[in-house]
Each structure stands twice: as structure tokens, then as C-alpha cells.
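In what follows, a single structure is set out as C-alpha cells and then discussed.
Keep in mind it's a predicted model, so treat the numbers as computed, not measured. A note on names: the letters A, B, ... follow the listed sequences, proteins ahead of strands, and every chain is numbered from 1.
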Protein chains: 2
Amino acid sequence: MSTESTKKSRVPLSRERVLRAAVDLADEGGLASLTMRRLGERLDVEAMSLYKHVANKEDLLDGIVDIVVGEIDLPEPGENWRPAMRRRAVSARAMFRRHPWALLVMETRSTPGATTFRYHDAVLGALRADGFSVALAAHAFAVLDSLIFGFCLQEQNLPFDESNVAEMAESMMEAMPTDEYPHLAEIAIEHVMQPGYDFANEFDFGLDLILDGLAGLRDRELREGG
Amino acid sequence: MSTESTKKSRVPLSRERVLRAAVDLADEGGLASLTMRRLGERLDVEAMSLYKHVANKEDLLDGIVDIVVGEIDLPEPGENWRPAMRRRAVSARAMFRRHPWALLVMETRSTPGATTFRYHDAVLGALRADGFSVALAAHAFAVLDSLIFGFCLQEQNLPFDESNVAEMAESMMEAMPTDEYPHLAEIAIEHVMQPGYDFANEFDFGLDLILDGLAGLRDRELREGG
DNA sequence: ACCTGAACACCGTTCAAGT
DNA sequence: ACCTGAACACCGTTCAAGT
């Protein structure tokens with residue numbers, strides 16, 4: 001609570017503080033703005049001092065991925081598999097929207113951290129507890145994760161913000177000769193440019209399609225397996 | 001056919017040649033090795049000369065994405081929707097395995113090129129020609145692309161090569177206390193470490209699950225709408 | 001023990017200068 | 001017209017030196 005705010009930061013540096021600052025920096029300025037030098041600046045420290053708390057930049061990136069994976073809602077004990085899977089999918093998507101850099105960074109990580117293990121374990125546990133065989137739980141996990149990652153990746157690279165769909169469609173129709181791409185034109189006019197269109201709805205469509213399919217396979221397993 | 005192979009390259013530089021060399025460089029050494037300086041080296045030219053054929057590095061990346069998107073099999077006229085969708089999914093996955101950097105680069109592109117338009121148009125066309133409504137074709141496109149992108153992203157970051165599954169499972173069991181992650185341990189022992197396990201099978205599982213679901217929705221549309 | 005200044009080997013990109 | 005050398009403003013990272 002001291003009011004002196006000179007250059008020296010009283011709070012000592014720690015791995016935790018470094019990682020938090022890195023997440024904030026990437027959130028605010030994008031991944032390109034997350035450099036060791038600028039991170040040092042933000043913490044009132046020279047870039048070189050960061051290396052006391054982080055082995056190198058790779059280690060820093062591993063650390064911030066672990067933080068954001070920890071923000072995904074885990075299934076609760078006793079929760080039915082279907083609402084549990086929906087909740088984790090929705091919260092994973094929300095996380096990727098809060099941290100647009102996360103997908104990009106996760107793509108370059110090879111060694112998952114403890115938080116990732118905990119996440120995988122909890123999801124598998126919810127499926128197993130609700131009647132899924134080991135094999136079907138593995139299938140379910142992979143296909144749901146594919147949808148989540150793939151949808152978020154598409155959503156992130158949409159050439160328009162959720163808000164200005166009309167503008168982009170218009171400018172796209174200019175750059176895109178209608179006779180050369182007739183089906184793109186059709187879908188733009190009859191679907192995308194219609195009032196109420198929201199690409200986010202595609203997430204629910206895909207999620208329900210997959211959950212319905214999994215429910216069917218689970219029922220069959222339970223019937224046949226005894 | 002001249003045999004003199006001095007420093008000067010007889011073939012003049014062109015955008016095409018620059019982009020091809022960039023794809024090769026990224027294939028061989030990963031995205032990190034694709035720098036303007038090293039690309040120049042490979043073409044026996046100073047890095048600065050590349051700027052005659054490419055506006056900047058962003059433009060270069062746009063260009064190589066367009067090239068690899070062009071490697072995805074398009075539906076053929078008259079092809080049934082289901083084999084057409086399967087073929088494009090399989091060939092897209094093969095492309096992402098040939099060019100592991102492509103997913104990463106596509107993620108940072110915002111303006112799709114002509115090849116991407118052509119690809120989207122052909123896929124939508126195959127669905128529309130086979131009875132899908134505009135809305136259902138849009139849904140189908142989004143969910144299939146999500147699966148393809150998301151699966152390839154996962155496959156790329158697998159902490160093991162398709163070959164040495166046993167090794168990795170073993171080393172993972174060490175780093176991963178069995179009692180802390182019981183369901184991960186279970187799936188590792190009873191599923192992943194079983195002979196014949198191949199993560200690639202998850203792709204077919206997801207693909208069939210989604211195609212089955214779409215087939216059902218298409219049938220219902222045709223019954224009700226027609 | 002913790003932080004720093006200077007240095008190294010890299011980047012993408014510019015611009016005036018060469019042929 | 002096409003290519004280049006030198007330079008600029010950046011990177012991540014090292015290491016001996018400071019406190």
C-alpha cells in the first residue's frame with residue numbers, strides 16, 4: 001500500500017507474474033507484440049531479467065498455454081455427459097475468443113503441461129462415468145476436440161467481424177465475379193446476407209450433429225454390450 | 001541446357017518461381033527457416049531482389065497458401081455428395097501432412113485468394129447439385145471444414161509420431177502419475193497402447209459420424225421440402 | 001542473489017547506388 | 001529494368017560485469 005511509485009517495482013518478479021503479464025500483452029497487442037523486450041518493459045525490468053524465471057521464449061509460450069487451458073470449464077462430478085461436453089465446448093470457444101493467439105501458440109507446442117493432462121482426464125472421466133466404452137470415449141474426445149479447434153480456427157480467420165457482415169459481403173461481391181463463383185454468390189445472397197445470420201450458429205449445428213451421433217452410438221453400445 | 005553453372009542463375013526470377021521455392025523451403029526446414037534472406041540464398045539472389053516479385057512477406061505467405069489450397073482435390077461434376085466430401089477431406093488432410101506449416105500460415109491470413117474461392121465454390125456446388133438446401137450446404141461446409149482443420153491441428157501436435165506410439169506412451173506414463181490422471185492412464189493402456197492403434201482412424205470415425213448426420217438431415221429435407 | 005549493459009547473430013524492409 | 005550494399009529498427013539470447 002505504499003504510494004511511492006518510482007521506477008523500481010516492489011513486487012518481486014516471479015514465474016507467475018511473468019506469465020500473467022505475457023498473457024495480458026498477447027491479449028492486448030497480438031502475438032507479434034509479445035517479445036521478451038516488451039514484456040520486460042511492461043514489468044519494469046530489462047528483458048534479460050526474465051530469463052531467471054523462464055528458461056527461454058519456448059518455455060514462456062508453454063507457460064501461457066497452460067494458463068489459458070486452465071480457463072476451460074471442466075465437467076463436474078456426476079454431470080451428464082451431454083451437458084458436460086456442451087459446456088466444455090462452449091467455454092473452450094469462449095477462451096479462444098478471449099485469447100485469439102492461443103490457437104496459434106498451441107499449434108507450435110509439442111509437450112502438453114499438467115493443466116492439459118487434467119483437462120483431458122476430466123473430459124474422459126465424464127464420458128466413462130456415463131456409459132461410454134474406452135474406445136468410444138476416445139473417439140468422442142477426438143471428434144469433439146476437432147470440432148472445437150477447427151471451428152475456432154475458422155471463426156478467427158473470418159474475413160469479417162461478427163458485426164459488419166453486410167459490408168464484407170458487399171465488398172466481396174465486387175472482388176468476386178458472380179459468374180465465376182456462382183455457388184459462393186448464391187450462399188452470400190440467400191444465406192449470409194439474410195438478416196439474423198450469425199456464423200456462430202454453425203458451432204451449435206456442428207456440436208448437436210456430433211452429440212446426436214455420439215448419443216446414438218452410446219445407446220447401441222449399452223444395448224449390445226449389456 | 002547450357003552447362004555453365006556459375007553463380008548467376010539463367011532462369012529469371014518470377015513470382016511463380018519465388019513462391020515454389022518458398023513452399024520447398026518451408027517443407028524442408030519448417031516455417032522458421034522461411035526467411036527472405038534464406039529464400040534469396042536458395043534462388044541465388046540477394047533477399048532484396050525478392051521484393052520485385054512479392055510485395056512483402058505477408059504477400060509471400062498469401063501466395064504459398066494459395067498454392068497449397070490448390071492441391072486439394074475438388075469434387076468432380078456429377079460426383080455424389082458423399083464420396084465427393086470424403087475425397088476432399090482426405091486430400092485436404094494429405095495436403096496438411098505434406099505441408100505441416102500450412103495450417104499455421106492459413107491461421108494468420110485474413111484475405112482469401114482466388115484458389116480458396118474456387119475451392120469453396122466447388123464444394124458448395126457439389127452439395128447443392130445433390131439436393132442440399134442453401135442453408136444445409138452452408139452448415140455442411142462449416143462442420144466438415146471444422147473437422148478437417150481441427151483434426152489436422154491435433155494430428156500435427158501429437159506428442160508422438162505415428163510410428164513410436166509405444167515409446168511415447170511409456171515415457172508419458174512416467175511423467176504422468178497414474179493415480180492423478182486415472183482416465184488418461186486407462187485410455188493409454190487399454191486403447192492407445194493396444195496393437196493396431198492408429199490415431200488416423202479417428203479421422204474416419206469423425207468423418208463418418210458427420211456424413212451420417214448430414215445424410216439424415218438431407219433425407220429429411222428432401223422428404224419434407226420436395 | 002538478483003539485475004544489467006553491451007554484444008552477437010539473426011530478422012524484414014528502405015533506399016540510394018550500381019549494372 | 002533489374003539487382004545490390006549498406007543501413008535501420010527490430011528480434012532472442014549470451015555473458016561478464018555491476019549492485
Side-chain angles (χ1 to χ4, degrees), chain A residues 4-26 28-65 101 104-105 107-111, chain B residues 2 4-65 101 104-105 107-111:
Chain A
E4 50 171 329
S5 62
T6 59
K7 266 188 166 178
K8 70 164 74 115
S9 61
R10 266 145 313 289
V11 189
L13 231 47
S14 69
R15 185 179 169 87
E16 175 70 15
R17 229 160 74 75
V18 168
L19 295 181
R20 287 279 160 208
V23 168
D24 292 345
L25 195 54
E28 291 165 23
L31 198 54
S33 73
L34 177 55
T35 72
M36 299 303 273
R37 283 170 157 95
R38 282 198 246 183
L39 182 55
E41 237 173 73
R42 166 171 291 234
L43 289 163
D44 270 322
V45 119
E46 296 300 314
M48 307 77 210
S49 304
L50 301 172
Y51 287 85
K52 286 282 137 176
H53 305 96
V54 180
N56 46 37
K57 191 162 184 189
E58 288 296 290
D59 185 31
L60 178 80
L61 295 178
D62 283 342
I64 62 176
V65 163
W101 48 268
L104 208 58
V105 177
E107 221 170 315
T108 60
R109 303 303 89 200
S110 51
T111 47
Chain B
S2 96
E4 50 170 331
S5 61
T6 59
K7 267 189 164 176
K8 72 165 70 114
S9 61
R10 267 146 314 287
V11 189
L13 232 48
S14 67
R15 184 179 170 89
E16 175 70 13
R17 230 161 72 77
V18 168
L19 294 181
R20 286 279 159 209
V23 167
D24 291 346
L25 196 54
D27 284 351
E28 291 165 22
L31 198 54
S33 74
L34 176 55
T35 71
M36 299 302 275
R37 283 170 156 95
R38 283 198 246 183
L39 182 55
E41 237 173 72
R42 166 170 290 235
L43 289 164
D44 270 323
V45 117
E46 297 299 315
M48 306 76 211
S49 303
L50 300 172
Y51 287 85
K52 285 282 137 174
H53 304 96
V54 181
N56 45 38
K57 191 162 183 189
E58 288 296 291
D59 185 32
L60 178 80
L61 295 177
D62 283 342
I64 62 177
V65 163
W101 48 267
L104 209 59
V105 178
E107 222 170 314
T108 59
R109 304 301 89 202
S110 50
T111 46

Donor-acceptor contact present, side-chain His53(A) to main-chain Leu13(A), <3.5 Å: yes
Nearest-Å distance for atom pair CG/C1', residues Leu13(B) and dT4(D): 13 Å
Annotated protein contacts, base or backbone, on nucleotides 8-15 of chain C with a non-hydrogen cut-off under 4.0 Å, one of B, S, - each: ---BBBB-
Thr111(B) side, atom OG1; Asp62(B) side, atom CG - distance, nearest 0.5 Å: 4.5 Å
Option among Leu34(A), Leu61(A), Leu60(A) that satisfies the side-chain contact (heavy atoms from CB on, under 4.5 Å) test with Val105(A): Leu61(A)
Rounded interatomic separation in angstrom, taking CD from Glu46(A) and C1' from dA6(C): 11 Å
Whole-Å gap separating P (dG5(D)) and CG (Leu50(B)): 14 Å
Distance, rounded to the nearest Å, where Leu43(A) contributes CG and dT4(C) contributes C1': 16 Å
Student check: side-chain heavy atoms of Arg42(A) and Leu25(A) closer than 4.5 Å: yes
Which residues share a salt bridge (Lys or Arg N to Asp or Glu O under 4.0 Å) with Asp59(A), sequence neighbours left out: Arg15(A)
Considering all heavy atoms, the nearest Leu43(B)-Ala21(B) contact: CD2-CB, 3.8 Å
Ranges pairing with ranges for DNA chain C, where each run has three or more Watson-Crick or G-U pairs under 3.5 Å: C:4-8 with D:12-16, C:12-16 with D:4-8
Partners meeting salt bridge (Lys or Arg N to Asp or Glu O under 4.0 Å) with Glu58(B) (sequence neighbours left out): Arg109(B)
Test salt bridge (Lys or Arg N to Asp or Glu O under 4.0 Å) applied to Glu41(B) - qualifying residues, sequence neighbours left out: none
Atom of Met36(A), atom of Ala47(A) and distance for their closest heavy-atom approach: O-CB, 3.6 Å
Using a cut-off of under 3.5 Å, enumerate the N/O to N/O pairs linking the protein to nucleotides 16-18 of chain D.
none

Flag side-chain contact, heavy atom, 4.5 Å: Ser33(A) against Glu28(A): no
